[in-house]
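Have a look at the structure below, then the notes.
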2 protein chains.
Amino acid sequence: MSTNFSITEENYIKAIFHLQEVNGMVSTNELAAELDTKPASVTDMLKKLKVKKMVHYEPYQAFKLSSDGKKLALNIVRRHRLWEYFLVEKLQFGWDEVHELAEQLEHVSDKKLVDRLDAFLNFPRFDPHGDPIPDSNGKMAQQEQVCLTELPVQTQAEVCSVGSQSSSLLELLSHKHIGIGTRLEIKQRFSFDNSIEIKIKDQQLITLSKELAQALFVKKI
Amino acid sequence: MSTNFSITEENYIKAIFHLQEVNGMVSTNELAAELDTKPASVTDMLKKLKVKKMVHYEPYQAFKLSSDGKKLALNIVRRHRLWEYFLVEKLQFGWDEVHELAEQLEHVSDKKLVDRLDAFLNFPRFDPHGDPIPDSNGKMAQQEQVCLTELPVQTQAEVCSVGSQSSSLLELLSHKHIGIGTRLEIKQRFSFDNSIEIKIKDQQLITLSKELAQALFVKKI
DNA sequence: ATATATTTTTAGATTCGTCTAAAATATTTT
DNA sequence: AAAATATTTTAGACGAATCTAAAAATATAT
Ligand SMILES: [Mn+2]
Ligand SMILES: [Mn+2]
Ligand SMILES: [Mn+2]
Ligand SMILES: [Mn+2]
């Protein structure tokens, strides 16, 4: 069944998977940007992945993963998120330090290892960033999280995920003492600049810019 | 400091380390056999490792690791054995199934990860095969184990390591119900064929061939 | 000391993943 | 519909790691 894939091939497949979640289809330039490589390299790899039946690709057209490709992608995402969970829960890493390590660990692909790790961790359904972890069949829980911008005034919610892992975002969040698990209440919205005022328990009111609010995902409580 | 090394370079360095433990020096053919590659490839890599100052090598002569090379080798061995311990202790793998997985995990090289894993496991000093785990400074505990062939009659001992991980050895051991941790007593030695008779608690006497005894390492109890 | 055998290195080719520069195709503007 | 622009693919080269076949050096045997 699943022939062996190189680390490079796995990285391409995972990147296509994430990009196609947005538009359904992916372009060569988009993928090159995502992988920090050149369009010419992407074309080469697409031809290879097509031979291996992992993508639906025709020259000069947008492409997407085949069902086999999607299956493999979900498996890679599973490994990535399980290792992230492991690093945070068992090795006491911060949720902002684990992504790069998981990028490496995700390529150790042994079904038994991954399933045992899953069991050891008690089958977690979400990773430390609030993203759902596919189970061994590739199914993932529905993400019950909502963007802060979509939440009505006076609602209480808990931060469960962030929209990016840029260090500039992380810097701002730590400055405002906001992290995964922080509970807050929406106090007021300002239509002029789409900023939001929130209150964290036992703290003063805080203002969040539109940009920041868009990067925060919460679940209602 | 430690420039980045490819997985391939790490594998060469680790293999040289293990081979030079025997004779002090390593030959091209020996290393090629160990890595299941061709002597020509070994020569190429030796030139590269020499430039990186990891080996003391002159054409046509036996070679060995530099002190930097040894340091890196100990680090790789540390990662390998910590992961083996993790897989057995936390993920319930058998000690005979973990080597191949550790071969992959050992190349995820992040100091913080390795040190945290070490702490999480409570700083184990020996891996599941009885081999000592280097600490974060590269120091390893003295191995107090002895080969079964060197043990006098009537001594009691506990199996703590095996000399190889070939499946033929593992098959024989499981047939005779011998594993890491098995306690036994030497009952008699036969000089004709150097076979040994041992007794395992609550079992009959068992005969071990010279070859098998040479592959078993124990510590006295 | 010469011949033979073994070990090691070199030369040249191959595969994978990448790149640059140029050509081909598609899209947008006028 | 032509021209201008943007996107994508091809052609050709390169570094890493490997291989085979042949040459060079070393070790062994006579
Ligand atoms: Mn991640
Ligand atoms: Mn994540
Ligand atoms: Mn091992
Ligand atoms: Mn071991």
Side-chain angles (χ1 to χ4, degrees), chain A residues 2-16 19-20 22-65 69 72-73 76 103-104 106-107 109, chain B residues 2-16 19-20 22-65 69 72-73 76 103-104 106-107 109:
Chain A
S2 78
T3 320
N4 238 38
F5 291 92
S6 70
I7 290 177
T8 312
E9 289 168 333
E10 286 197 349
N11 283 334
Y12 272 89
I13 287 169
K14 190 179 55 150
I16 298 171
L19 289 174
Q20 77 181 21
V22 185
N23 284 326
M25 289 282 166
V26 185
S27 78
T28 302
N29 271 356
E30 238 181 319
L31 184 50
E34 173 80 14
L35 289 170
D36 200 23
T37 184
K38 302 295 171 202
S41 310
V42 169
T43 301
D44 286 347
M45 181 58 83
L46 283 170
K47 287 192 280 196
K48 196 150 46 118
L49 292 179
K50 181 179 179 167
V51 170
K52 293 197 174 188
K53 296 210 192 318
M54 303 306 284
V55 288
H56 296 302
Y57 162 72
E58 294 302 328
Y60 292 102
Q61 307 209 170
F63 48 87
K64 62 178 177 182
L65 293 177
L72 175 54
I76 302 167
E103 285 293 307
Q104 299 196 45
E106 72 187 2
H107 300 294
S109 70
Chain B
S2 78
T3 320
N4 239 37
F5 291 92
S6 70
I7 290 178
T8 312
E9 289 167 333
E10 287 197 349
N11 282 334
Y12 272 90
I13 288 168
K14 191 179 54 151
I16 298 171
L19 288 174
Q20 77 182 22
V22 185
N23 284 325
M25 288 282 168
V26 185
S27 77
T28 301
N29 271 356
E30 238 181 319
L31 184 51
E34 173 81 11
L35 289 170
D36 199 21
T37 184
K38 303 292 170 203
S41 309
V42 169
T43 301
D44 286 347
M45 182 57 83
L46 283 171
K47 287 192 281 197
K48 197 151 46 119
L49 292 179
K50 180 179 180 170
V51 170
K52 293 196 175 189
K53 297 212 191 323
M54 304 305 284
V55 288
H56 296 302
Y57 162 71
E58 295 303 328
Y60 292 102
Q61 307 209 168
F63 48 87
K64 62 178 178 184
L65 293 177
L72 176 54
I76 302 167
E103 285 294 307
Q104 299 196 47
E106 73 187 1
H107 300 294
S109 70

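Throughout, a chain's letter reflects where its sequence line sits, starting with A, and its residues are numbered from 1.
B:T37 is listed as a side-chain neighbour of B:Y12, based on a closest heavy-atom distance under 4.5 Å. Between A:K52 and A:E9, some side-chain heavy-atom pair lies under the 4.5 Å cut-off.
Among the nucleotides C:dT18, C:dT9, D:dC19, the one closest to the side chain of A:S41 is C:dT18.
Here C:dT14 presents its C1' atom at 14 Å from CG of B:D44, a figure rounded to the nearest Å. Remark: C1' of C:dC19 and CG of A:L35 are 15 Å apart, rounded to the nearest angstrom. In this structure, B:M45 atom CE and D:dA16 atom P are separated by 10 Å, rounded to whole Å. A:K38 places its NZ atom 15 Å from the C1' atom of D:dT7, with the value rounded to the nearest Å. One interatomic measurement links the two molecules: NZ of B:K47 to P of D:dT18, which rounds to 14 Å at whole-angstrom precision. Spacing between atom CZ of B:F5 and atom P of D:dA16 amounts to 14 Å, rounded to whole angstrom units. Computed from coordinates, the A:I7 CD1 to D:dA16 P distance equals 17 Å when rounded to whole Å. The distance between atom CG of A:L49 and atom C1' of C:dC16, rounded to the nearest whole Å, is 13 Å.
Remark: the backbone N or O of A:L19 is not paired with any side-chain donor or acceptor of A:E30 at under 3.5 angstrom. Distance alone, capped at 3.5 Å, places no donor-acceptor pair between the B:E10 side chain and the B:H107 backbone.
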(request) Kindly indicate, with the supporting measurements, whether the criterion side chain to side chain contact (heavy atoms under 4.5 Å, CB included) is fulfilled by A:T43 and A:Y57. (result) CA-CA 10 Å; A:T43 301; A:Y57 162 72; 3.9 Å; yes

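In this model, the phosphate group of C:dC19 is approached by a side-chain N or O of A:T37 to a distance below 4.0 Å at OP1 or OP2. Proximity of A:Y12 to the phosphate of C:dC16: no side-chain N or O atom is located under 4.0 Å from OP1 or OP2. Contact annotation: B:N29 does not reach the phosphate of C:dT6 (side-chain N/O to OP1 or OP2, under 4.0 Å).
B:T28 comes within 4.0 angstrom of sugar-phosphate atoms only, judged by non-hydrogen atoms across all strands, and of no base. When heavy atoms are screened at a 4.0 angstrom cut-off, A:T43 is found touching base atoms of the nucleic acid.
Nucleotide C:dT20: paired with D:dA11 (Watson-Crick or G-U wobble, both distances less than 3.5 Å).
Contact record, A:M25 with A:A62: CB-CB, 3.8 Å, taken as the closest heavy-atom pair. The two atoms that bring A:T28 and A:F63 nearest to each other are N-CE2, 3.6 Å, heavy atoms only.
If you check residues 54-64 of chain A against DNA chain D, the residues with a heavy atom closer than 4.0 Å are A:Y57, A:P59, A:Y60, listed by number.
In terms of position on DNA chain C, the residue among A:A40 and A:E9 whose nearest nucleotide sits closer to the 5' end is A:E9.
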